[in-house]
Structures are given as C-alpha cells and as structure tokens.
Amino acid sequence: MIIWEQILRPISAIVTRQAELQDVLREIHKQGTDIAFVTENENIVGYVHTDSLLEQLRNIPDLKQPIRYRKDILKVPHLHPVEYYHNISVVLGIDTSGDITGYSMVWQARHQMNELQLTHMNQILNGAGAGVVRTNTDFEIEFINETAENILGLSRSFLMNRNYKKLLTMDKDINRVIQGETLMSVSSSINFKQISGNFSPLRIDGKVTGLIHIFFLRETFEEAVQELEFVRNLYSDLQAVYASSHEQILVVDPNGEVMRVAGTFLKEFWEMKGPEAVIGRNIYEFENKGMFRPNIVDLCIKKKKKLTMIQDTIHGRKVWSVATPVYHEGKLEKVVVLSRDITETNRLREKLTSTATGGDASDPFVPASHTDKPLIYRSRIVEDLVDEVKRVARVDSTVLFTGESGVGKEVFARTLHAASRRSEQALIRVNCGAIPENLIESELFGYERGAFTGADQKGKPGLFEVAHRGSIFLDEIGELSPNVQVKLLRVLQEKEIVRVGGVHTIPVDVRVIAATNQNLQEMIERGEFREDLYYRLNVIPIRIPPLRERMEDIFSLSIYFLQQFTRSYQIEKGFSPEALEVLENYDWPGNVRELQNIVERLLVTSQGEFIQREDVLRVLYGETGRRRKQPMVFELMPLKEAVAELESQLIELGLKKYGTALKVSEVLGVSPATISRRMNKLLK
C-alpha cells in the first residue's frame with residue numbers, strides 16, 4: 001500500500017491573492033519549482049502552475065496583470081492510502097494537527113505511482129532471478145535490469161546502446177522477433193554465459209517497436225519456469241493494476257475507432273460481455289444505437305479540449321467520464337476517456353430521503369411537488385453534514401436546522417426522519433409562516449367541538465396528534481406568535497397538548513424538528529422569541545451552509561435539476577462545460593431554490609442541443625452586451641449617479657471580456673458576491 005506521505009513534495013513557492021504575474025514568475029524561478037500556491041489570511045486558497053501563467057501571458061502579454069489561479073485542490077490526511085478524486089488537480093497533505101505537510105499534482109502522483117509499481121515489479125523480477133533486456137528495432141539495448149547484469153557479468157554502462165544481436169550467440173534468427181514472432185525457450189550465450197529464455201516482440205499501438213528478452217542461467221532454468229511464466233504475463237499484471245482503480249480507460253482514434261480498453265470494463269455501459277467485443281468497433285456505432293448520450297468522444301474531438309460530463313445509458317446507468325485529447329506535433333492522435341460508473345453512488349444518496357414521503361401528498365401542509373426531494377451532493381462539507389444527521393437520527397433529541405432561505409433545510413429534515421427509527425411513521429411538515437396567526441394554534445394543537453365560530457362540530461385533532469409516534473417539522477419557527485410559543489414550550493417539556501377550547505391533556509410521542517432562516521438570538525434580545533423555548537429547540541443545532549460555501553455541489557445539482565425538467569417537459573438538452581463553469585462561479589444568493597429555478601428557465605428559453613455559456617450569462621446577468629458605452633462621462637451629474645454608471649459599465653465590459661463573475665471580480669479587485677449584487681441591482 002502506498003500512502004500520500006511517500007509521494008508528497010514540499011511547498012516552496014507561496015504568493016498572495018494580490019500578486020502580479022511578475023511576482024509569481026520571480027518566486028517560481030527563485031524556488032526552482034513549477035507551481036506557486038496562493039494564500040489569503042495565511043490559508044492556501046489556490047495555485048498557479050507555469051502552464052497557466054504562460055496561457056495567461058499569451059492572452060494578455062502584461063507581467064503586471066493580477067494572477068488568475070485555480071481552486072481544484074483537495075486536502076487529504078498524509079498517512080492515508082493514495083486514491084484519486086474527480087475534478088481535482090492538486091492534493092495537499094495534512095498531518096493530525098491539520099498542518100500542511102506537502103503537495104502533489106495528480107498527474108505527478110499517478111506518474112510516481114507508476115514508477116513505484118514498476119520498481120516493485122522490477123523487484124519481483126529480480127527476486128525471481130529473471131534477466132530482462134529490451135531493445136529497439138535496430139537491436140540497440142535500451143533497458144537492462146539488475147539481474148541481467150549479474151547473470152551476464154556485464155555492467156549496464158557497458159551494455160546500453162550496444163547491438164544486442166551482435167553480442168548474442170544463438171541458433172535462431174532473431175530478426176523473426178522484430179517481424180512479430182515470439183521465440184520460446186531459446187538457448188543462447190553471451191560473455192561465455194549459457195542462458196535460456198524467451199524473445200517477445202514489444203508492441204505499442206499495434207506496432208512492433210523492439211523486443212524483450214527474458215532469460216535465466218541455463219542451469220537454473222528448470223527451477224525458474226514458474227517465475228518465468230509470471231514475468232511473461234507482465235501485461236496481465238499491469239491490467240490488474242489498472243483495474244484496481246475501479247475506472248475504465250478507453251482509447252479512441254480520431255475516426256472514433258476503439259483502440260484499447262483497460263482497467264475495469266463497464267459491462268452495463270456497453271451491453272457487452274468483455275472489452276474484446278468493443279475493441280475495433282466505432283464509438284459512433286454505439287451512439288447511433290442510442291446506447292449512451294452524450295458522445296463525449298465526439299464532443300472532445302470537436303471542441304479540441306478536455307471535457308468532463310455524466311453519460312446516461314439506454315438502461316438508466318450513469319457514468320462519469322473525462323475525455324482528454326492527445327496531440328502529437330499539432331495533430332490529434334487519440335482521445336483517452338477515463339470513466340467510472342456512479343449509478344449506485346447516486347442511488348445510495350437519494351435513498352436517504354426516497355423512503356420518507358411524510359404523509360398524504362394531498363395534505364395542504366405537504367405539497368405534492370415536495371414529497372420526493374432527494375439529497376444531491378458531492379462536496380465534503382455536505383457529506384460530513386449527512387454523517388452528522390444520520391448519527392443524530394438514532395436518538396429523539398430536538399433538532400434545530402438553521403441557514404439561509406433556499407439552502408434545503410426541508411430536505412435535510414426529510415433525511416433525518418428517513419434515517420430515524422420513526423421512518424415508518426408520518427413526517428408532518430408545517431410552514432409556520434404560511435398559516436394565519438389566528439389559525440396556527442388550532443392547526444398545531446387541534447380544537448374541541450364549538451371552540452370558536454365556524455369550528456367543526458366534531459372537533460379536530462391537531463398536527464401534533466397526527467404526528468404521534470412520528471416526526472413534525474416546524475419550518476420558519478421564528479414566525480410563531482408569543483402565545484403559540486408558550487404552548488409549544490409545554491409540548492416540548494411535558495410531551496402533551498391541550499386542544500383549543502379543551503381542558504384535558506393529550507400525551508403525544510413526537511420528534512420535533514425545527515428550522516429557521518432568522519437569527520433567533522437577536523429575536524430574543526428584541527423580545528420577539530422566548531429564550532426558554534430557544535434552548536428547548538436548540539438541543540442539537542445544525543447549520544446548513546449556503547450554496548456558495550459548497551460550490552462542488554453546483555455541478556451535481558445542475559445536472560440533477562436538468563434531468564428532472566427534461567423528463568417533465570420532454571425536452572432533450574444538456575449543459576456545455578462553459579455553461580457549467582458560469583453556474584459554478586455565480587454567487588447564488590437564493591441558494592438551491594434559485595439554482596433550480598434558473599435551470600428550469602435555461603431549459604425552456606435556450607436554443608440548440610446544449611445550454612451555452614451565453615445562455616447562462618443572459619439569464620443570470622441580463623443582456624450584458626446591450627450597452628456599449630466606454631467607462632467615461634461627458635457631462636456633469638450627481639457624483640453618486642456617476643459612480644453607479646461607471647460601476648455598471650465596468651462590470652458589463654468585464655463580463656463581455658472574461659465571461660464569469662469570478663474572473664471579473666479578480667480584475668476589478670472585488671469579491672464575486674459584490675459583482676453578483678451589483679449586477680442584480682443594475683437589472684432591477
């Protein structure tokens with residue numbers, strides 16, 4: 001097992017967010033590295049690689065421009081085993097104290113892993129006593145292992161680049177190996193050493209590029225037959241190494257023909273028994289049969305860049321795929337697609353809430369459109385939150401969810417109920433702010449016959465009685481009147497209710513889940529909320545973070561909402577990578593609810609097969625190109641109006657040039673949240 005600590009590199013180059021290109025280049029050169037980490041308040045918030053610096057200079061050849069840095073960083077315990085994560089380019093190792101111990105680029109980690117694996121493989125070969133020599137098609141020696149040196153009694157420095165054919169004495173024609181033939185159990189001699197072994201052609205992309213000679217001293221050959229067989233099957237062992245990553249590696253040529261399939265073969269994606277049935281077939285053939293969509297290989301070839309997206313199969317499987325074009329001397333050579341089946345992951349996450357319907361969908365307190373809202377996430381912060389909710393669900397303690405409007409407090413309440421021992425009973429949901437003040441008391445606690453004018457003559461049980469043995473979710477708890485707060489406090493303390501107009505107590509066994517987007521402590525100071533009730537509700541407080549604090553979830557939520565609306569409206573459409581990038585850089589003041597509405601609007605109003613970046617910009621910020629004024633004024637006006645006019649023009653020019661609020665905010669020296677607020681203000 002290889003752990004992160006073995007491959008981490010020390011961090012040497014550090015710059016601040018306010019650094020210019022020239023500062024970063026100077027620091028990178030000084031430290032002799034190719035990456036600098038960006039800090040803010042002594043915390044690492046991103047990184048700049050020399051490749052991205054050159055790209056930025058190519059677009060704007062100005063060394064004094066602010067740096068643009070990337071944020072696809074993940075912190076991992078440095079003693080944990082090495083594993084790879086989607087959409088992450090840099091890994092930071094942390095010790096038990098939370099201090100950063102080093103970093104690794106993901107591609108470097110993979111390279112180092114391969115080197116370690118090859119080292120281990122070479123150790124196995126040496127342990128088996130097998131000599132290995134590799135040559136090119138001109139028989140020039142390019143590799144020789146330590147065991148071969150010991151068997152032949154010749155050093156690597158002497159043998160490298162020499163003609164192996166001239167050094168060997170043998171009866172067989174070694175030229176046949178370069179022509180593609182394998183020679184088995186061939187006896188030969190070199191430097192008066194009698195050896196026996198196999199000559200195999202070395203093929204890359206189907207073309208013979210040299211040969212491999214695996215041999216033993218003849219007197220030990222019989223004892224080493226089993227080890228020799230193991231070495232001859234090196235390719236199978238390397239395939240097993242790939243397969244252990246649970247990912248499929250697909251190599252496709254520019255015409256769409258599948259060249260190789262390695263790693264874990266996704267049978268349910270291809271509807272084939274094995275990779276041999278796919279190799280040699282054309283990717284467009286599978287697409288035309290409707291086996292999956294979209295065709296990420298075709299999109300990668302057309303857009304000429306790396307793409308990441310979720311592919312849906314004809315039988316409902318979901319596969320996360322990353323397609324990377326490979327160029328040689330400016331010409332597309334192949335497309336490599338790394339894929340992983342994420343169907344079961346999605347199902348497990350959605351299962352947390354799919355079993356809790358919370359009562360009759362026709363109940364006015366349980367809108368039918370809200371009876372099945374799965375929890376969609378992929379961020380670490382929400383994953384930890386879900387773990388906490390599941391732990392809390394084991395007991396009946398009162399839970400208070402807090403967070404901004406639209407963050408999904410109701411969905412977390414459903415998750416809590418579904419994971420509890422009360423999951424088979426009802427979850428009654430009440431929006432305390434949506435029920436008139438003169439009705440909320442009777443709705444919650446019920447009323448006796450003739451309790452008030454217009455009351456049902458038979459009386460009516462309250463929602464606490466309906467929720468007996470189940471859970472009740474009190475949303476917008478801060479909207480309750482002082483009178484109802486007193487009665488709710490009694491329910492929490494005594495586990496009993498008294499109906500309006502009644503005198504008898506009714507015991508209730510109810511788990512109370514409350515939620516609010518208000519600051520209850522400030523309401524207590526203003527005398528608007530009872531302090532004793534607050535402490536009864538705040539037994540287990542759980543804060544739901546706003547969407548801008550869990551940006552990793554925007555991608556998953558956008559895809560999920562789009563799939564929901566495409567099924568509802570029978571409109572087939574997908575997101576372009578650029579469109580998703582704009583969504584991920586937006587501030588989302590309305591959180592998940594706003595994102596859901598925006599996705600619906602994009603599906604309905606956009607044209608073409610894919611939702612493009614321009615579509616998202618138009619919906620989020622309006623027609624940014626509708627005004628083309630330069631940032632200047634030509635007549636006197638109130639200073640406040642002049643400042644507002646200049647702000648609007650600068651923001652519009654920035655969006656037109658850079659496309660996202662994040663990049664504009666970096667250029668203008670303000671936060672993305674400020675850009676979003678100013679744009680929303682301008683559009684009103």
Side-chain angles (χ1 to χ4, degrees), residues 266 268-271 286-296 298-299 307-321 339-358 360-362 366-378 382 406 408 410-412 414-415 418 547 552-580 582-584 588 590-613 615-616 619-620:
L266 305 180
E268 295 180 336
F269 179 83
W270 298 102
E271 296 295 322
F286 296 105
E287 180 191 19
N288 293 336
K289 291 181 179 179
M291 294 181 62
F292 55 77
R293 64 175 299 276
N295 184 345
I296 193 172
D298 181 62
L299 293 173
L307 295 180
T308 301
M309 59 183 60
I310 295 176
Q311 294 180 278
D312 293 300
T313 70
I314 192 172
H315 296 298
R317 307 294 297 182
K318 290 184 180 298
V319 173
W320 176 273
S321 296
S339 300
R340 176 176 290 194
D341 194 327
I342 61 171
T343 308
E344 297 306 322
T345 302
N346 282 0
R347 287 176 180 171
L348 286 173
R349 288 178 177 174
E350 294 179 10
K351 187 178 180 181
L352 288 172
T353 55
S354 62
T355 58
T357 60
D360 189 349
S362 63
V366 187
S369 60
H370 293 175
T371 58
D372 188 16
K373 290 183 178 180
L375 185 58
I376 304 297
Y377 65 93
R378 64 171 179 165
V382 176
E410 180 184 331
V411 179
F412 277 91
R414 289 169 52 82
T415 303
L547 194 54
E552 303 96 319
D553 293 336
I554 293 175
F555 180 93
S556 299
L557 286 166
S558 300
I559 296 297
Y560 171 75
F561 289 142
L562 185 65
Q563 291 173 340
Q564 294 295 99
F565 290 127
T566 53
R567 282 195 288 266
S568 298
Y569 299 138
Q570 298 296 306
I571 301 175
E572 293 295 329
K573 194 167 294 189
F575 280 113
S576 72
E578 295 80 9
L580 287 168
V582 176
L583 289 173
E584 289 179 320
W588 298 111
N591 293 295
V592 180
R593 186 182 297 120
E594 181 187 9
L595 175 60
Q596 181 178 9
N597 294 337
I598 290 297
V599 171
E600 181 177 8
R601 192 185 315 169
L602 286 168
L603 175 71
V604 175
T605 61
S606 63
Q607 299 180 357
E609 183 180 356
F610 289 93
I611 297 171
Q612 303 295 338
R613 185 187 69 147
D615 300 321
V616 182
V619 170
L620 292 179

Less than 4.5 Å apart, side chain to side chain, heavy atoms only: is that true for Leu299 and Pro294?
yes
Those residues at least two apart in sequence (or on a different chain) that pass side-chain hydrogen bond (donor to acceptor under 3.5 Å, both in side chains) with Asn597 are none
**OP:** Kindly determine whether Lys573 and Ser606 satisfy side-chain hydrogen bond (donor to acceptor under 3.5 Å, both in side chains), including the steps that lead there.
**Re:** CA-CA 9 Å; Lys573 194 167 294 189; Ser606 63; 3.2 Å; yes
Separation between CG (Asp615) and CG (Leu602), nearest 0.5 Å, reads 6.5 Å
Rounded to the nearest 0.5 Å, the CG atom of Leu580 sits from the OG atom of Ser558 at a distance of 6.0 Å
Yes or no on side-chain contact (heavy atoms from CB on, under 4.5 Å) for Arg613 and Val616, after CA distance, side-chain angles and deciding distance? CA-CA 5 Å; Arg613 185 187 69 147; Val616 182; 5.9 Å; no
Across all chains, not counting sequence neighbours, the side-chain hydrogen bond (donor to acceptor under 3.5 Å, both in side chains) partners of Arg593 are Ser405
In this structure, CG of Leu266 is separated from CD of Gln311 (nearest 0.5 Å) by 10.0 Å
Taken in chain and number order and not counting sequence neighbours, the residues that satisfy side-chain hydrogen bond (donor to acceptor under 3.5 Å, both in side chains) with Thr313 are none
CZ of Arg567 to CG of Leu562, rounded to nearest 0.5 Å, is 10.0 Å
Residues passing the side-chain contact (heavy atoms from CB on, under 4.5 Å) test with Glu584, sequence neighbours excluded, are Arg378, Ile554, Phe555
Hits for ring-ring contact (aromatic ring centres under 6.0 Å, His included) against Phe269, two or more places apart or cross-chain, chain-then-number order -> Phe292
Donor-acceptor pair, distance only, cut-off 3.5 Å: does the side chain of Asp298 make one with the backbone of Asn295? no
Applying salt bridge (charged side-chain N to carboxylate O under 4.0 Å, His left out) to Glu268 and not counting sequence neighbours gives Arg317
Quick check: do Gln563 and Asp312 have side-chain heavy atoms less than 4.5 Å from each other?
yes
Across all chains, not counting sequence neighbours, the side-chain hydrogen bond (donor to acceptor under 3.5 Å, both in side chains) partners of Glu552 are none
Rounded to the nearest 0.5 Å, the CD1 atom of Ile310 sits from the CD1 atom of Ile296 at a distance of 10.5 Å
(Q) Within the structure provided, determine whether Phe286 and Glu271 are in side-chain contact (heavy-atom separation under 4.5 Å). (A) no
Any non-hydrogen side-chain atom of Val599 less than 4.5 Å from a side-chain atom of Phe575?
yes
Quick note, salt bridge (charged side-chain N to carboxylate O under 4.0 Å, His left out) partners involving residues 553-562, not counting sequence neighbours, are Arg550-Asp553
Sorted by chain and number, sequence neighbours left out, side-chain contact (heavy atoms from CB on, under 4.5 Å) with Ile314 holds for none
Here the gap from Ile559 atom CD1 to Lys318 atom NZ, rounded to the nearest 0.5 Å, amounts to 8.5 Å
Should the pair Phe561 and Phe565 be assigned to parallel (<30°), tilted (30 to 60°) or perpendicular (>60°) ring geometry? tilted
Nearest heavy-atom approach of Ala579 to Ile611 is CB-O, 3.2 Å
With sequence neighbours left out, the residues meeting salt bridge (charged side-chain N to carboxylate O under 4.0 Å, His left out) with Arg293 are Glu572
